[in-house]
Amino acid sequence: MNKEYEIRVAKLEKLKALGINPYAYSFPSDSESLVATILGRTGRTCKQPIPIKTVLGNFREDFSDHPVTIAGRIIAMRSHGKVCFLDLKDQTDKIQLYIKKDKICDREYQIYELLDIGDIIGVEGTLFKTKTGETTILVSSLILLSKALLPLPEKWHGLQDVNLRYRQRYLDLIANSEVRRTFTLRSCIIRHIREYMQEQGFMEVETPMMQPIPGGATAQPFITHHNTLEMDLYLRIAPELYLKRLLVGGFERVYEINRNFRNEGISTQHNPEFTMLEAYRAYADYNDMMSLTENVIVYTASKILPSLKTTYEKDEIDLTPPWQRKKYLELFQEYCKTGWENEKEVIAKAKTEQIPTEKRTYEDIASDLFERLVEPHLTGPIFITDYPRSLCPLAKTHRDNPELAERFELYISRMEIANAFSELNDPLEQKERFLAQLKNKAEGMVSLDEDYINALMHAMPPAGGLGIGIDRVVMILTNNPSIRDVILFPTLRNI
RNA sequence: GGGGGCGUAGCUCAGUAGGUAGAGCAACUGGUUUUUAAUCAGUUGGUCGGGCGUUCGAGUCGCCCCGCCCUCACCA
């Protein structure tokens, strides 16, 4: 290893020789001993920063007697002979420490002399303000909690190398505060979504991640194997068919927030494992789910963002409801300049757009043309409604038009954010559609899920179903351009 | 899979027509008892992603490989 490592191991040995355990067992820590609490800056991650009302304000007269206890990582040291200023960072914030040789005992000064940037320490001390007004802890007692043997990334530029940032996310989180903020916000977003769903009477459930027959979407699955059962299993591509079994079982409002796995390409919008909210509500249709979609996202956004008018990348996004709604066929006509049902013209257009037309169904070709010509215009938020029925094997036929399905997708900033329909609950029609899908091998269906059909045969209530891509919502609400920026450990090639 | 870009010290980055490998931070030694990217003096640190080739000489030019980013294609 490198020289710095050797030097730090040597320090470790010195500490041990002094009878000091460089990896302590515990340190008293509660909500009073957080940097943010001490600085009076709690709760600033989920909301915009609140005005700094420092704890100091309460005891300005004699605050130098105010005792505090704190633990954290040293991220900077500025030593001046027998005096040193350190920046200590915990989960909430950072605070300056002031170590003065004549204010701590000799043994602790020996520890101080062996400290490095990156070490985790605990201190006791009293608060004071420096001449520039920075709240600082005058250290009266110091304990080493964990010795760092490797150096931190550079303090000023942080960790820039994207490869290292994804592969060693722990360093990214230490060095880049905006990254930490993104993931804190991600947690807040998911918590608020759960909060809203619960308020609406939805019950959170967990359905299998390993499925004998993958279903609920058309995507290539990952395959795994159970040794004792001697059978292959598939990581789920969607929880849909299991959640709808629960509707049959009598749970009327269920949802799941969990991972899906799709063995497809990786891009700035696709990770092989990604987080999906799926929700099903009995006795509702896709119109109800449109309201739910709008409401849950607005609820969450309003908890996270200072305003519903926000920017993502170069787009101005206004999340103020109601959101625009347009029919698929109208958008198709508007941007493709031809009717969806006008096969000749659509195929001719597809050819001019270099979309492959050989050995593909008309629906796929037309759908590609839509993606090519319409999606670039969907800054959104916009609901696209009433898709051609053939594109939606799990959706109910439109009540007013047998060629269409009661389905919508939500687009924000050209990204597909949500997908929902009035759920098909006619077991015979569902079986026919599955069989048609099976014939079309391109859709990658493994086999017919007979038990799902069986479940439907016991009658599933009419229901609306909804899927929301959580990672993409987080991208928009935290203004991150790549899905890898909102997934702590994105899938990477093993090196 | 195609196209474009990138890979140099632990980190952030320079590296000029091919001529002995550079800076800042971090680290080490010494000084400094109120600093804010502390500062002053000195020091250490690199198989330039890997391999092969061209050349008297390759970080630099060519080919192959590895990895990452962007983009197109495939894929909802």
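Here is how names work: the chains are called A, B, and so on, in the same order as the sequence lines, proteins then strands, and each is numbered from 1. For clarity, every value in this text was computed on a predicted model and none was experimentally measured.
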| said: Using only modelled atom types and a 3.5 angstrom limit, is any donor from either the side chain of A/T130 or the base of B/U36 paired with an acceptor on the other? | reply: yes
| request: Could you work out the separation of B/G22 and B/U44 based on their C1' atoms and round it to a whole Å? | output: 15 Å
| said: From CH2 of A/W156 over to C1' of B/U36, roughly how many Å is that when rounded to an integer? | reply: 10 Å
| For the pair made of NE2 in A/H157 and C1' in B/A14, what is the distance, rounded to whole Å? | 12 Å
| message | Using heavy-atom distances to pick each residue's nearest nucleotide on RNA chain B, tell me which of A/A76 and A/K101 is more 5'. | response | A/K101
| query | Nearest to the side chain of A/E154, which nucleotide is it out of B/U34, B/U35, B/U12? | reply | B/U12
| query | ring-ring contact (aromatic ring centres under 6.0 Å, His included) between A/F370 and A/Y328: does it pass, once the steps are laid out? | reply | CA-CA 9 Å; A/F370 184 91; A/Y328 182 90; 4.1 Å; yes
| message | With rounding to the closest Å, how many angstrom separate the P atoms on B/G19 and B/G3? | response | 30 Å
| Same-atom distance (C1') from B/A21 to B/G46, integer angstrom | 8 Å
| query | Expressed as a whole number of Å, how far does the C1' atom of B/U29 sit from that of B/C68? | reply | 39 Å
| said: Would you say that more than 12 heavy atoms from the other residues, nucleotides or ligands in this model lie under 6.0 Å from the NZ of A/K89, or not? | reply: yes
| said: Heavy atoms only, 4.0 Å cut-off, all strands: where does A/D102 land among base, sugar-phosphate and nothing? | reply: base
| said: Distance check, P atoms only: B/U39 and B/A26, in whole angstrom units. | reply: 8 Å
| task | Grab the CZ-P distance between A/R372 and B/U71 for me, whole Å please. | result | 15 Å
| said: Please confirm whether the shortest side-chain N or O distance from A/K155 to OP1 or OP2 of B/A38 is below 4.0 Å. | reply: yes
| So, is A/R165 close to the B/C68 phosphate, meaning a side-chain N or O under 4.0 Å from OP1 or OP2? | no
| Can you tell me how far P in B/U8 sits from the matching atom in B/U60, rounded to whole Å? | 14 Å
| request: Using only side-chain N and O atoms of A/K11, determine if any of them is under 4.0 Å from OP1 or OP2 of B/C28. | output: yes
| query | For the pair made of CD in A/Q269 and C1' in B/C72, what is the distance, rounded to whole Å? | reply | 14 Å
| task | With side chain to side chain contact (heavy atoms under 4.5 Å, CB included) as the test, would you mind laying out the steps for A/Y234 and A/T224 before giving the verdict? | result | CA-CA 6 Å; A/Y234 299 86; A/T224 186; over 6 Å; no
| Any N/O donor-acceptor pair, A/R407 side-chain to B/A76 base, under 3.5 Å | yes
| query | Are the aromatic ring centres of A/F408 and A/F383 under 6.0 angstrom apart? | reply | yes
| Should B/C13 form a Watson-Crick or G-U wobble pair with both distances under 3.5 Å, which nucleotide is its partner? | B/G22
| field | Given B/A76, B/A27, B/U34, the nucleotide with the shortest approach to the side chain of A/I7 | value | B/A27
| request: Check whether any side-chain N or O of A/R78 sits under 4.0 Å from OP1 or OP2 of B/A26, and answer yes or no. | output: no
| said: Can you tell me the base-pairing partner of B/U43? Count Watson-Crick or G-U wobble geometry only, both distances below 3.5 Å, and say none if there is no partner. | reply: B/A27
N/O contacts under 3.5 Å, protein versus nucleotides 40-48 of chain B?
residue: B/U44; atom: O2'; partner: A/K3; partner atom: NZ; Å: 2.1

| Modelled atom types, side-chain donor and acceptor of A/R484 and A/T491, under 3.5 Å | no
| message | What is the separation between atom CD on A/Q168 and atom P on B/U12, rounded to the nearest whole Å? | response | 10 Å
| message | Categorize A/R262 for me: base, sugar-phosphate, or nothing, with a 4.0 angstrom heavy-atom threshold over every strand shown. | response | sugar-phosphate
| Among A/K147, A/K11, A/R73, which one satisfies salt bridge (Lys or Arg N to Asp or Glu O under 4.0 Å) with A/D119? | A/K147
| task | Determine which nucleotide pairs with B/G62, using a 3.5 Å limit on both distances of a Watson-Crick or G-U wobble pair. | result | B/C52
| Neighbour count >12 (heavy atoms, 6.0 Å) for atom CZ, A/R325 | yes
| task | Any strand is fair game: report the nucleotide pairing with B/G1 by Watson-Crick or G-U wobble, both distances under 3.5 Å, or none. | result | B/C72
| Of all the nucleotides listed (B/U35, B/A76, B/U12), which has the minimum atom distance to the side chain of A/D161? | B/U12
| field | Rounded interatomic separation in angstrom, taking NZ from A/K131 and P from B/U33 | value | 14 Å
| Any donor-acceptor pair under 3.5 Å joining the side chain of A/E134 to the base of B/U36? | yes
| said: Both A/R484 and A/N419 contact RNA chain B. Which one's nearest nucleotide lies toward the 5' end? | reply: A/R484
| query | Checking all strands, does A/L152 fall into the base, sugar-phosphate, or nothing category for heavy-atom contacts under 4.0 angstrom? | reply | nothing
| If the P atom of B/A73 is compared with that of B/A14, how far apart are they to the nearest Å? | 32 Å
| query | What integer distance in Å separates A/E4:CD from B/C25:P? | reply | 15 Å
| note | Testing B/C68, B/U34, B/C11 for proximity to the side chain of A/N163, the answer is B/C68
| request: Can you label the angle between the A/Y98 ring and the A/F85 ring as parallel, tilted or perpendicular, going by 30° and 60°? | output: parallel
| said: Given B/U34, B/C13, B/U71, identify the nucleotide with an atom nearest to the side chain of A/T268. | reply: B/U71
| Starting at CG of A/L171 and ending at C1' of B/U12, how long is that distance when rounded to a whole Å? | 14 Å
| field | Pairing partner (Watson-Crick or G-U wobble, both distances under 3.5 angstrom) of B/G67 | value | B/C6
| message | With a 3.5 Å distance limit and no angle check, can you tell me whether A/E406 reaches the backbone of A/D386 through a side-chain donor-acceptor pair? | response | no
| Across the strands shown, which category fits A/S267 at heavy-atom distances under 4.0 angstrom: base, sugar-phosphate, nothing? | nothing
| said: Tell me whether the rings of A/F434 and A/Y452 are parallel (<30°), tilted (30 to 60°) or perpendicular (>60°). | reply: tilted
| said: Work out how far the P atom of B/G62 is from that of B/A58, and round it to whole angstrom. | reply: 15 Å
| request: Evaluate whether atom NZ of A/K103 has more than 12 neighbouring non-hydrogen atoms of other residues, nucleotides or ligands under 6.0 angstrom away. | output: no
| request: Describe the nucleic acid contact of A/E371 in one word from base, sugar-phosphate, nothing, applying a heavy-atom distance below 4.0 Å. | output: base
